[in-house]
Amino acid sequence: MKINALDNVEVNLENGHKYAVCDIKKGENVIKYGFPIGHAICDIKKGEHVHTHNLKTNLKGNLEYSYEPDFTPIKRVSTDKTFMGYVRKNGDVGIRNEIWIVNTVGCVNKIAKRLSDLTGARHFEHPFGCSQLGGDQKITQLILKGLVNHPNAGGVLVLGLGCENNNISEFKKVLGEYDENRVKFLNAQDFDDEIEEGVKLIGELKKYADTFKRRSIPVSKLKIGLKCGGSDGLSGISANPLVGSLSDRVISFGGSCILTEVPEMFGAETLLMKRCPTKELFDKTVCLINNFKDYFMRHNQVIYENPSPGNKAGGITTLEEKSLGCVQKGGMGEIADVIDYGGVVCKNGLTLLNGPGNDIVAITNLTAAGVHMILFTTGRGTPVGAPVPTVKISTNKSLAERKKNWIDFDASPLTEGKKMSDLTDELLDFIINTASGEKTKNEVNGYSEISIFKDGIVL
């Protein structure tokens, strides 16, 4: 399958790998999606397999960019589509009404698990919150703050030990105002029987959460995270373009979508920069890209050594190729906002969120930013899930059929001739049903994890 008229490779829809559609000379660019994805390191004959043995990235270090906006704003349209969700006292909207246990420190992980087993509250283990300094501790606090404030939780128990750097008193300074009925605190060192006290507090939180009932809410209130993991050569052909179409649809209704994984924008960043309606947003996007490159270089790591062994086995060769597929999840509309790691989405439209591509760190980042659910495309398959519903969308039929216990939605009909608009309609219906209470596979399996970005000293 040839994706773009300019391409000099085509993709085999069975394995996702690339094959030359004409002779490509040594040093000549290899074109996919209409853009260079690297250069040939030897002569390549028509019909030959194009991969790591004969293709190398063109990408280097930091670049200078010029502001050249070129986009068509997504037209806002009226719709009567709604989902059944929960309206919180502060006006926030949730699609679940769960009780969450949020640890200030990893030392109480197993206490949280015992409380979860006894009460049904959800807990999210992590190893952070103590022996951290400066920016790392602040990042931990911001992510935990985002979890505490998340509207999918009808009630939250903040569980601490008592002696950690991020103790409850310190965490409250970052948390700010909170509803005393919705958020309870427990320092384990302060009670003879912390389990008994935790069960009591969770009981109080359940009674409070039970006062909320599902009601009809406009789809314009939805906030959707966009993520890919275990990508293959079909990710940029089926699942990612489908999610991009869905993103544009949700934004046209007044909703919000959030794109992260900054290292997987390298090589495709100019496509996002052209969609910035103001110079201010353009400058923020440039900083987003170059600051993350600086992070790599501070640690003496190669910026563009990104595609994983699984990516390569699935047909992805270079970071340009991976990025050009990845950014398609963000659709075609303008950039509404650019926010830092640990930030919270506050504008309708497409937001760029600073953060790495690591699956668990990224889905935690998206959750803390306030998304109701995450659309997670995959070609190789992964069971990982966020604290919020994580909709797994397969790029190929084989994965959808083999891993029915992981995959929620199959994008492969796009490679068989199905219209994008029709499959987008189906995915939108699926998302509305999920927002209204239908469980995703990660929820059914009980798969949910968090991890927090770290770049500093551990004492």
Side-chain angles (χ1 to χ4, degrees), residues 74 81 83 95-96 152 219 221-232 234-253 255-261 264-265 325-333 345 348-353 355 357 359-360 362-396 399-400 403 406-414 420-421 423-436 438-444 447-448:
I74 294 175
K81 290 185 179 295
F83 64 95
I95 67 171
R96 297 292 184 267
N152 281 10
V219 293
K221 296 295 185 181
L222 280 179
K223 299 178 181 179
I224 298 177
L226 312 175
K227 175 75 179 84
C228 53
S231 300
D232 67 358
L234 297 176
S235 293
I237 297 173
S238 60
N240 289 353
L242 174 62
V243 168
S245 176
L246 186 282
S247 174
D248 287 345
R249 186 79 63 87
V250 168
I251 289 171
S252 76
F253 295 150
S256 304
C257 291
I258 300 86
L259 183 67
T260 187
E261 303 175 278
E264 293 170 25
M265 298 175 187
C326 177
V327 300
Q328 291 186 55
K329 300 192 303 295
M332 300 300 293
V345 175
N348 294 337
L350 181 67
T351 292
L352 303 183
L353 171 63
D359 287 352
I360 304 179
I363 61 177
T364 305
N365 190 16
L366 287 166
T367 300
V371 304
H372 294 113
M373 70 177 78
I374 296 171
L375 304 186
F376 193 124
T377 65
T378 182
R380 308 288 291 174
T382 175
V384 71
V388 297
T390 308
V391 179
K392 297 292 175 53
I393 302 174
S394 65
T395 70
N396 60 83
L399 176 63
K403 302 301 294 185
W406 291 355
I407 300 300
D408 297 282
F409 196 92
D410 181 16
S412 70
L414 288 177
M420 176 67 79
S421 59
L423 200 59
T424 303
D425 288 339
E426 292 180 22
L427 181 56
L428 179 61
D429 288 341
F430 185 93
I431 285 168
I432 289 174
N433 290 337
T434 299
S436 299
E438 289 193 12
K439 290 188 175 183
T440 56
K441 296 294 174 62
N442 83 291
E443 292 179 286
V444 172
Y447 298 161
S448 61

Decide yes or no on side chain to side chain donor-acceptor pair (under 3.5 Å) for S235 and N240, but give the supporting numbers first. CA-CA 6 Å; S235 293; N240 289 353; 4.8 Å; no

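- In this structure, the separation between CG on L352 and CD on E261 is 12.0 Å, given to the nearest 0.5 Å.
- In this structure, the separation between CG on L366 and CG on L226 is 7.5 Å, given to the nearest 0.5 Å.
- I251 places a side-chain heavy atom less than 4.5 Å from the side chain of S247.
- Interatomic distance, CD1 of I95 versus NZ of K223, reported as 12.5 Å (0.5 Å rounding).
- Taking every heavy atom of both residues into account, A386 and T367 meet most closely at CB-OG1, 3.6 Å.
- Using a 4.5 Å heavy-atom threshold, the side chains of V250 and V219 count as separate.
- Looking at every heavy atom in both residues, K81 comes nearest to F253 through CD-CE1, 4.2 Å.
- The shortest side-chain heavy-atom distance between I258 and L350 does not fall under the 4.5 Å cut-off.
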Verify side chain to side chain contact (heavy atoms under 4.5 Å, CB included) between L259 and K329, making sure each step is shown before the conclusion. CA-CA 8 Å; L259 183 67; K329 300 192 303 295; 4.1 Å; yes

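- At a cut-off of 3.5 Å, with distance as the only test, a side-chain donor of T395 or D232 sits close to an acceptor on the other residue.
- Residues M265 and C326 have side chains not in contact (no heavy-atom distance under 4.5 Å, counting atoms from C-beta outward).
- Checked by atom type, the side-chain pair N396/S412 shows no donor-acceptor distance below 3.5 Å.
- Between M332 and I74, every side-chain heavy-atom pair lies at or beyond the 4.5 Å cut-off.
- Heavy-atom minimum distance, A411 versus A239: CB-CA, 3.5 Å.
- A donor-acceptor distance shorter than 3.5 angstrom exists from the side chain of T378 to the backbone of G229, with no hydrogens or angles considered.
- Among all heavy-atom pairs drawn from G385 and N442, the shortest one is CA-ND2, 3.7 Å.
- Within the model, atoms CZ of F83 and CD of E438 stand 14.5 Å from one another, a figure rounded to the nearest 0.5 Å.
- Counting all heavy atoms, side chain and backbone alike, A362 lies closest to T260 at CB-CG2, 4.3 Å.
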Test side chain to side chain contact (heavy atoms under 4.5 Å, CB included) on T434 and M373 and set out the steps. CA-CA 9 Å; T434 299; M373 70 177 78; 4.1 Å; yes

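- Between K227 and E264 no salt bridge is recorded (no basic side-chain N to carboxylate O distance below 4.0 Å).
- Note that the NZ atom of K403 and the OG1 atom of T382 stand 10.0 Å from one another [nearest 0.5 Å].
- Checked by atom type, the side-chain pair S394/D410 shows a donor-acceptor distance below 3.5 Å.
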Taking it one step at a time, do F376 and I393 satisfy side chain to side chain contact (heavy atoms under 4.5 Å, CB included)? CA-CA 6 Å; F376 193 124; I393 302 174; over 6 Å; no

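- To the nearest 0.5 Å, atom CG of residue L428 and atom OG of residue S421 are 12.5 Å apart.
- Residues V345 and L353 fail the side-chain proximity criterion, which asks for heavy atoms closer than 4.5 Å.
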I224 vs I431, test: side chain to side chain contact (heavy atoms under 4.5 Å, CB included). Steps then yes/no. CA-CA 10 Å; I224 298 177; I431 285 168; 4.1 Å; yes

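- Residues that satisfy the salt bridge (charged side-chain N to carboxylate O under 4.0 Å, His left out) test with R96, not counting sequence neighbours, are E443.
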Could you check S256 against N348 for side chain to side chain donor-acceptor pair (under 3.5 Å), going step by step and ending with a plain yes or no? CA-CA 5 Å; S256 304; N348 294 337; 3.3 Å; yes

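- No side-chain heavy atom of T390 sits under 4.5 Å from any side-chain heavy atom of V384.
- Qualifying side chain to side chain contact (heavy atoms under 4.5 Å, CB included) partners for E426, counting only residues two or more places apart in sequence or in other chains: F409, K418, L423.
- Side-chain contact between L399 and R380 is absent, with no heavy atoms from C-beta onward closer than 4.5 Å.
- Here salt bridge (Lys or Arg N to Asp or Glu O under 4.0 Å) pairs that include residues 237-249, with residues two or more places apart or in two chains, are R249-D425.
- Contact record, A435 with L222: CB-CD2, 4.1 Å, taken as the closest heavy-atom pair.
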